[in-house]
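Predicted model, so just to flag it, every value in this text is computed and none were measured.
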Amino acid sequence: SSGINAEWPLRPGAMESINSRLALVMKSGKFTIGYRSTLKSIRQGKSKLIIIANNTPALRKSEIEYYCMLAKVGVHHYSGSNIDLGTACGKYFRVGALCITDPGDSDIIRSMPAE
């Protein structure tokens, strides 16, 4: 994706590193895709990290962030759209929100700065 993104990560290559880590989670870890299942797993206390696409509606985004604050779960704002996030997950559909319950072989939880 060309052009300058307002929420672009500070270090170059950050997008590639999160995409490769996400791919590893998809292969070896446990995750739930979607807004409703993300909220459900936060409520159950299973979630380790939440990833939100940059075009997720503001109300939805703030609701997920509020749940995460209460559950003390990290939130990562993905710098691509829900189409990009779906592609990064290796899916052929759009993904607005994603919850990682078990990172598997990936170091995605340690690599994300706590926001």
Members other than Leu70 in its cluster, when Ile, Leu, Val, Met, Phe, Trp, Tyr link by side-chain heavy atoms under 4.5 Å? Tyr66, Met69
Does the side-chain contact (heavy atoms from CB on, under 4.5 Å) test come out yes or no for His76 and Ile18, once each step is laid out? CA-CA 10 Å; His76 176 73; Ile18 182 166; 3.2 Å; yes
Could you tell me whether the side chain of [Y] reaches within less than 4.5 Å of the side chain of [X], counting heavy atoms only?
{"X": "Thr56", "Y": "Asn82", "answer": "no"}
{"X": "Ser47", "Y": "Thr38", "answer": "no"}
{"X": "Asn54", "Y": "Ser79", "answer": "no"}
{"X": "Leu22", "Y": "Phe31", "answer": "no"}
{"X": "Thr32", "Y": "Leu98", "answer": "no"}

With rounding to the nearest 0.5 angstrom, report the [atom1] to [atom2] distance, [X] to [Y].
{"X": "Lys61", "Y": "His77", "atom1": "NZ", "atom2": "NE2", "value": "6.5 Å"}
{"X": "Ser41", "Y": "Lys30", "atom1": "OG", "atom2": "NZ", "value": "13.5 Å"}
{"X": "Leu49", "Y": "Thr101", "atom1": "CG", "atom2": "OG1", "value": "11.0 Å"}

Side-chain heavy atoms under 4.5 angstrom apart, residues restricted to Ile, Leu, Val, Met, Phe, Trp, Tyr: same cluster for Leu24 and Leu85? no
Is there a path of hydrophobic side-chain contacts, each under 4.5 Å between heavy atoms of I/L/V/M/F/W/Y residues, joining Ile83 to Met26? no
Kindly give the heavy-atom pair with the smallest separation between Ser28 and Ser106, and that separation in Å. OG-N, 4.4 Å
Would Arg60 and Glu65 count as a side-chain contact (heavy atoms from CB on, under 4.5 Å) here? Give the steps. CA-CA 9 Å; Arg60 212 168 251 212; Glu65 285 166 353; over 6 Å; no
By the definition side-chain contact (heavy atoms from CB on, under 4.5 Å), identify the one residue from Val75, Ile108, Val25, Val95 that meets it with Ile51. Ile108
Taking only residues at least two apart or on different chains, which pairs with a member in residues 95-108 satisfy salt bridge (Lys or Arg N to Asp or Glu O under 4.0 Å)? Arg21-Asp107
side-chain contact (heavy atoms from CB on, under 4.5 Å) for Gln44 and Lys40? Distances and angles first, verdict last. CA-CA 6 Å; Gln44 291 167 348; Lys40 200 180 287 181; 4.0 Å; yes
side-chain contact (heavy atoms from CB on, under 4.5 Å) assessment of Ile100 paired with Ile50: CA-CA 6 Å; Ile100 297 169; Ile50 308 297; over 6 Å; no
Do the side-chain N and O atoms of Tyr78 and Asn55 include a donor-acceptor pair separated by under 3.5 angstrom? no
